[in-house]
Amino acid sequence: MRISVNGVSHDRDVDIRTSLLDFLREHLHLAGTKKGCDQGACGACTVLVDGQRINSCLALAVQYEGRQVTTIEGLGTADALHPLQSAFIAHDGFQCGYCTPGQICSAVAMLEEVRRGLPSVVTADLAAPLPPPDRTELAERMSGNLCRCGAYNGILDVLSDALARGTA
Ligand code: FES
Ligand code: FES
């Protein structure tokens with residue numbers, strides 16, 4: 001199959017049972033995407049496909065033939081951090097960091113969903129223009145990404161700041 005990951009096209013023979021997560025980690029050696037639960041419950045494996053967030057542990061790699069996959073390695077580098085990576089550092093948005101790549105990939109897509117005016121389950125009025133999301137709404141929108149270290153206050157600070165500044 002042919003798949004684009006972080007702007008690089010890869011032609012690989014892959015067992016059709018290989019998850020996208022295992023393909024990224026074991027075949028392409030992109031270990032930034034983490035395996036937490038391996039069953040869709042924690043969000044540690046979140047990546048972007050054509051700009052939308054998915055749990056890569058629940059996806060088969062072959063499903064994404066011809067698509068554009070972005071992992072944490074494709075968002076920023078050590079020398080040129082993505083604005084959200086810088087914000088996670090500035091606001092203490094992590095402790096062990098295991099959930100952080102998934103949190104950041106998820107946040108990139110979530111902020112785009114907010115910009116597009118997509119409602120969430122806690123949006124009060126679906127007919128009204130979407131107001132700037134408060135911390136409760138941001139927490140709901142990120143509820144698919146768990147943090148075992150409990151760095152949620154810092155993560156919400158990151159997201160509130162990114163929205164206020166329009167930096168991510
Ligand atoms: Fe995919 Fe937990 S490893 S959701
Ligand atoms: Fe440790 Fe989130 S920073 S799990």
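For the numbers below, each heavy atom of this structure counts, side chains included, while hydrogens, waters and symmetry mates do not. Each ligand, and each atom within it, is numbered from 1 in the order the structure gives.
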Can you see which heavy atom on [X] is nearest to which on [Y], and at what distance?
| X | Y | answer |
| --- | --- | --- |
| Thr70 | Cys105 | O-SG, 4.5 Å |
| Ala162 | Leu84 | CB-CD2, 3.9 Å |
| Ala109 | Leu48 | CB-CD2, 3.7 Å |
| Ala59 | Ile54 | CB-CD1, 4.1 Å |

Quiz item: Has Cys149 got an N, O or S atom lying less than 2.8 Å from atom 1 (Fe) of ligand 2?
Solution: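 An N, O or S atom of Cys149 is closer than 2.8 Å to atom 1 (Fe) of ligand 2, so yes.
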Practice problem: Examine all N, O or S atoms of Cys147, backbone included, and report whether one is under 2.8 Å from atom 1 (Fe) of ligand 2. | Solution: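 Under 2.8 Å: Cys147 has no N, O or S contact with atom 1 (Fe) of ligand 2.
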Practice problem: For atom 4 (S) of ligand 2, find the nearest protein heavy atom and state the residue, atom name and distance (0.1 Å precision). | Solution: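 Protein heavy atom at minimum distance: Arg148 N, 3.2 Å.
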Quiz item: How far is atom 3 (S) of ligand 2 from its nearest protein heavy atom, and which residue and atom is that?
Solution: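 Of every protein heavy atom, Gln95 N, 3.2 Å lies nearest to atom 3 (S) of ligand 2.
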Self-check item: Under 3.5 Å side-chain donor-acceptor pair for Thr46 and Arg53
Solution: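 Judged by distance alone, the side chains do not pair up.
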Quiz item: What protein N, O or S atoms come within a distance below 2.8 Å of atom 2 (Fe) of ligand 1, ordered by chain and number?
Solution: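 As for protein N, O or S atoms lying under 2.8 Å from atom 2 (Fe) of ligand 1, they are Cys37 SG, Cys42 SG.
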Closer than 3.5 angstrom, by distance alone: can the side chain of [X] be matched with the main-chain N or O of [Y] as a donor-acceptor pair?
| X | Y | value |
| --- | --- | --- |
| Tyr98 | Lys35 | yes |
| Asn145 | Cys99 | no |
| Asn55 | Gly43 | no |

Quiz item: Any non-hydrogen atom of Gly97 lying under 4.0 Å from ligand 2?
Solution: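 Gly97 counts as a contact of ligand 2 under the 4.0 Å cut-off.
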Self-check item: Side chains of Pro133 and Leu138 in contact at under 4.5 Å (non-hydrogen atoms)
Solution: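 Yes, at least one pair of side-chain atoms sits under 4.5 Å.
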Quiz item: Which atoms of ligand 2 sit under 4.0 Å from any heavy atom of Cys99?
Solution: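 Listed by number with element, the hits are 2 (Fe), 3 (S), 4 (S).
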